[in-house]
Amino acid sequence: MRKTSAKKIISYQNSGMIATVLLFFSVVFLLLGFVWEVEHITRQQCYSDLSASTKEAMQDLEANFRNDRMNLRMLASVVAEQDTLTSLNVSKYMNVYDVNSLISNIGILTPENTCIQLKGKEVSADNAMDYQREVLLGEHISGLQPALSTSSSMVIRSFMPIRQNGKTIGLLYAEMMPSNIARAWAPTIYNGNCTFCIINRTNGEFIVNNWNQEIHRLDDLNLDSLQNSLKEGKSAFRQIETENGTVYLSYMPMDLENWEIMVCLPKEEIFAPVQALKLSITWFSIGIMIFLGAYLGFMVMMNKRSVAGAEKQANIDVLTGLQNRNRYEAYCDSLKTTEHLVCVYLDANGLHEINNTKGHLAGDKMLRFIADTLKVHFGEETVYRIGGDEFIAFVQNQTDEQMQAVLDKVRTEIERNQYHVSAGYCIGEPEMTLKEMISTAETHMYEEKRRYYEKLGRPVRNESQKGET
């Protein structure tokens with residue numbers, strides 16, 4: 001009857017464990033599926049938002065460029081009515097031009113490749129522009145060109161021909177700093193953390209770039225498929241890995257020149273709108289896993305505790321906390337060679353007298369103190385209590401001088417507490433057996449013990465009683 005009941009209990013426990021494991025993996029599977037679905041929906045929403053934002057940015061920028069071109073066209077027609085490009089009226093009209101947050105400067109490029117700036121100042125344009133090349137392009141917007149003030153600064157120029165009697169007599173231009181263009185569009189989605197680039201598909205140059213200042217050309221991306229897609233003027237949505245993490249890109253062609261606009265957003269910003277939901281899912285998942293894991297862990301822990309308790313009882317000396325004779329014998333059986341090994345044999349002096357005169361509690365205190373001292377100097381894992389007052393330690397790669405120094409420290413520390421030990425050691429050799437080494441160390445220990453008792457004028461207790469000495 002009892003066997004049947006025990007079998008039922010075991011069967012019930014096994015069934016409960018299997019059910020718990022199945023429930024655990026079912027919940028994990030469902031949670032993973034739910035998280036994947038949320039991420040999928042979020043990604044699609046991100047694509048939609050980014051695409052809309054990219055289109056909005058493109059339209060805003062194109063509108064700004066169109067307005068500035070219209071103003072330039074009107075100014076060019078007024079300048080064309082003047083007698084010369086250097087007349088006072090031309091300078092006056094240029095000074096009243098609307099230099100705004102996008103346009104930083106205007107000027108006139110002459111056939112002599114000089115620039116007439118505001119207030120009529122003329123400077124050479126040889127290091128910045130080429131009239132013959134620019135005039136062939138007609139009304140256009142350039143790529144990055146050196147600024148007149150310093151060649152290290154780059155600007156974008158919008159050129160407008162000045163025509164008299166059907167002939168181009170100069171080029172009116174407006175200068176734009178790339179940083180001003182980047183600031184002209186302030187994104188409203190994702191807390192304003194979007195960045196954007198304008199890329200010249202003709203030569204792969206990044207004309208405006210407030211995303212990654214280390215990238216200057218399409219070739220710097222090292223992503224062939226993305227480069228080809230941008231050069232072909234496609235509209236698409238991409239996810240790329242960078243040194244700073246995952247970045248989502250949305251790009252589409254512009255109506256200006258041969259340009260492509262690309263809006264960039266870090267991954268953490270994309271998932272910000274659903275962060276609270278993801279956080280709830282995460283905590284819920286953690287709670288379920290902790291609950292189920294705790295149950296499984298409890299079962300495993302109880303088994304481990306019983307095994308660990310039995311092992312501790314079998315291998316650890318209860319009084320001193322050192323490894324006992326069982327562990328000592330197991331170590332000796334597993335040892336392959338005595339080379340580089342040192343065996344230290346120690347015996348507590350006077351344990352029998354302390355037990356007889358002060359009681360066994362005092363004797364136990366003595367043994368615990370000696371054991372703690374040996375742990376400090378030899379290491380807890382290398383010291384064994386093999387008898388009542390006998391200890392053995394095994395250490396590696398020690399010379400005679402080193403061993404003498406360590407044993408002197410051990411004796412001094414123990415004697416400070418009014419206790420005494422006798423110690424002997426043996427350094428292993430290639431042909432020496434473990435038994436021989438232990439016997440030699442024990443012999444040296446007894447030689448020291450005889451000298452100790454001779455000083456006291458007392459005989460050493462016989463070997464049959466050494467466990468009580």
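Heads up: numbering here begins at 1 and tracks the sequence. All figures in this text were calculated on a predicted structure; none of them were measured in a lab.
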(request) Before giving the answer on side chain to side chain donor-acceptor pair (under 3.5 Å), spell out for T195 and N210 the whole-Å C-alpha distance, their side-chain angles and the decisive distance to 0.1 Å. (result) CA-CA 6 Å; T195 55; N210 69 342; 4.6 Å; no

(message) For I207 and I199: C-alpha separation, side-chain torsions, deciding distance, then whether side chain to side chain contact (heavy atoms under 4.5 Å, CB included) applies.
(response) CA-CA 6 Å; I207 299 172; I199 303 161; over 6 Å; no

(request) Take D333 and Y328, measure what side chain to side chain contact (heavy atoms under 4.5 Å, CB included) needs, and give me the verdict at the end. (result) CA-CA 9 Å; D333 291 340; Y328 161 73; over 6 Å; no

(request) Start with the C-alpha gap between I261 and T54, add the side-chain angles, then the distance that decides, and say whether side chain to side chain contact (heavy atoms under 4.5 Å, CB included) holds. (result) CA-CA 7 Å; I261 187 170; T54 305; 3.9 Å; yes

(request) Mind running side chain to side chain contact (heavy atoms under 4.5 Å, CB included) on M176 and R157 for me, showing each step along the way? (result) CA-CA 6 Å; M176 294 160 280; R157 294 185 174 95; over 6 Å; no

(request) Evaluate the criterion salt bridge (charged side-chain N to carboxylate O under 4.0 Å, His left out) for residue pair R325 and E329; output intermediate values, then yes/no. (result) CA-CA 6 Å; R325 192 173 189 92; E329 291 176 353; 3.4 Å; yes

(message) Using the rule given for side chain to side chain donor-acceptor pair (under 3.5 Å), can you reason through R238 versus S250, listing the C-alpha separation, both sets of side-chain angles and the distance that settles it, and then say yes or no?
(response) CA-CA 6 Å; R238 292 290 180 94; S250 175; over 6 Å; no

(message) Does Y345 form a ring pair (Phe, Tyr, Trp, His ring centres under 6.0 Å) with Y425? I'd like the steps, not just the answer.
(response) CA-CA 6 Å; Y345 205 115; Y425 68 90; over 10 Å; no

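Salt-bridge check for K409 with E413: failed, with every basic side-chain N at 4.0 Å or more from each acidic carboxylate O. Note on R201 versus E260: salt bridge recorded, some NZ/NE/NH1/NH2 to OD/OE distance being below 4.0 Å.
Among N355, N356, N349, the one residue that satisfies the side chain to side chain contact (heavy atoms under 4.5 Å, CB included) test with H352 is N356.
Inter-residue side-chain proximity for I370 and I414 is flagged as met; some heavy-atom pair is nearer than 4.5 Å. Counting heavy atoms from C-beta outward, W259 and L256 have side chains that approach closer than 4.5 Å. Using a 4.5 Å heavy-atom threshold, the side chains of L374 and F391 count as touching. A 4.5 Å side-chain heavy-atom check between R217 and D220 finds at least one atom pair inside the cut-off. Taking 4.5 Å as the limit, some side-chain heavy atom of T242 sits within range of a side-chain heavy atom of I240. Within the 4.5 Å cutoff, the side chain of V344 has heavy atoms near those of the L407 side chain. Put simply, the side chain of D219 reaches to within 4.5 Å of the side chain of Q227, judged on heavy atoms. Taking 4.5 Å as the limit, some side-chain heavy atom of M254 sits within range of a side-chain heavy atom of I198.
Across all non-hydrogen atoms, the minimal contact from M403 to V395 is SD-CG2, 4.0 Å. Considering every non-hydrogen atom in both C264 and V247, the closest pair reads CB-CG1, 4.1 Å. A125 approaches L148 most closely through the heavy-atom pair CA-CD2, 4.1 Å. Looking at every heavy atom in both residues, P146 comes nearest to N127 through CG-O, 3.6 Å. Closest approach of L367 and A348 over heavy atoms only: CD2-CB, 4.4 Å. Nearest approach of P253 to K234, heavy atoms of both residues: CD-O, 3.9 Å.
Atom CG of L322 sits about 12.0 Å away from atom CZ of R368, to the nearest 0.5 Å. Atoms SG and CG, on C343 and L434 in that order, are 7.0 Å from each other to the nearest 0.5 Å. Note that CD of E257 and CG of N200 are 8.0 Å apart. Values are rounded to the nearest 0.5 Å. Within the model, atoms CG of L218 and CG of L226 stand 7.5 Å from one another, a figure rounded to the nearest 0.5 Å. To the nearest 0.5 Å, the span separating CE on M154 from OG on S179 amounts to 13.0 Å. To the nearest 0.5 Å, the span separating OG on S142 from CG on L137 amounts to 9.5 Å.
Other residues, nucleotides and ligands contribute over 12 non-hydrogen atoms within 6.0 Å of the NZ atom of K375. Heavy atoms of other residues, nucleotides or ligands lying less than 6.0 angstrom from CG of L456 number more than 12. Residue Q213 qualifies as enclosed at atom CD: its count of foreign heavy atoms under 6.0 Å is above 12. Shown here is Q396, whose CD atom has more than 12 heavy atoms of other residues, nucleotides or ligands within 6.0 Å.
Distance alone, capped at 3.5 Å, is enough to place a donor-acceptor pair between the T338 side chain and the E429 backbone. Under a 3.5 Å cut-off, the side chain of S439 and the backbone N or O of K435 do not form any donor-acceptor pair. Under a 3.5 Å cut-off, the side chain of Q402 and the backbone N or O of T399 do form a donor-acceptor pair. For R385 (side chain) and G388 (main-chain N/O), a donor-acceptor pair under 3.5 Å exists by modelled atom type. No donor-acceptor pair closer than 3.5 Å links the side chain of N417 to the backbone N or O of Y419. Put simply, the side chain of S51 never gets that close to the backbone of S48: no donor and acceptor are under 3.5 Å apart. In this structure, the side chain of R66 does not engage the main chain of L61 through any donor-acceptor pair within 3.5 Å. Here the side chain of N209 pairs a donor or acceptor atom with the backbone of I215 at under 3.5 angstrom.
A donor-acceptor contact closer than 3.5 angstrom is absent between the side chains of Y331 and Q323. Between the side chains of E175 and S104, no donor-acceptor pair of N or O atoms lies under 3.5 Å. T320 and D317 are linked by a side-chain donor-acceptor pair at a separation below 3.5 angstrom, with hydrogens and angles left out of the test. Defined by atom type and a distance below 3.5 Å, a donor-acceptor pair is present between the side-chain atoms of Y251 and S229. Between D347 and S422, the side chains place no donor N or O within less than 3.5 Å of an acceptor N or O (distance only, hydrogens not considered).
Ring to ring, H216 and F206 are not that close: their centroids are 6.0 angstrom or more apart. A distance below 6.0 Å separates the ring centres of Y452 and H420.
Aromatic ring pairs are classed by plane angle as parallel below 30°, tilted from 30° to 60° and perpendicular above 60°; the pair Y384 and F394 is perpendicular.
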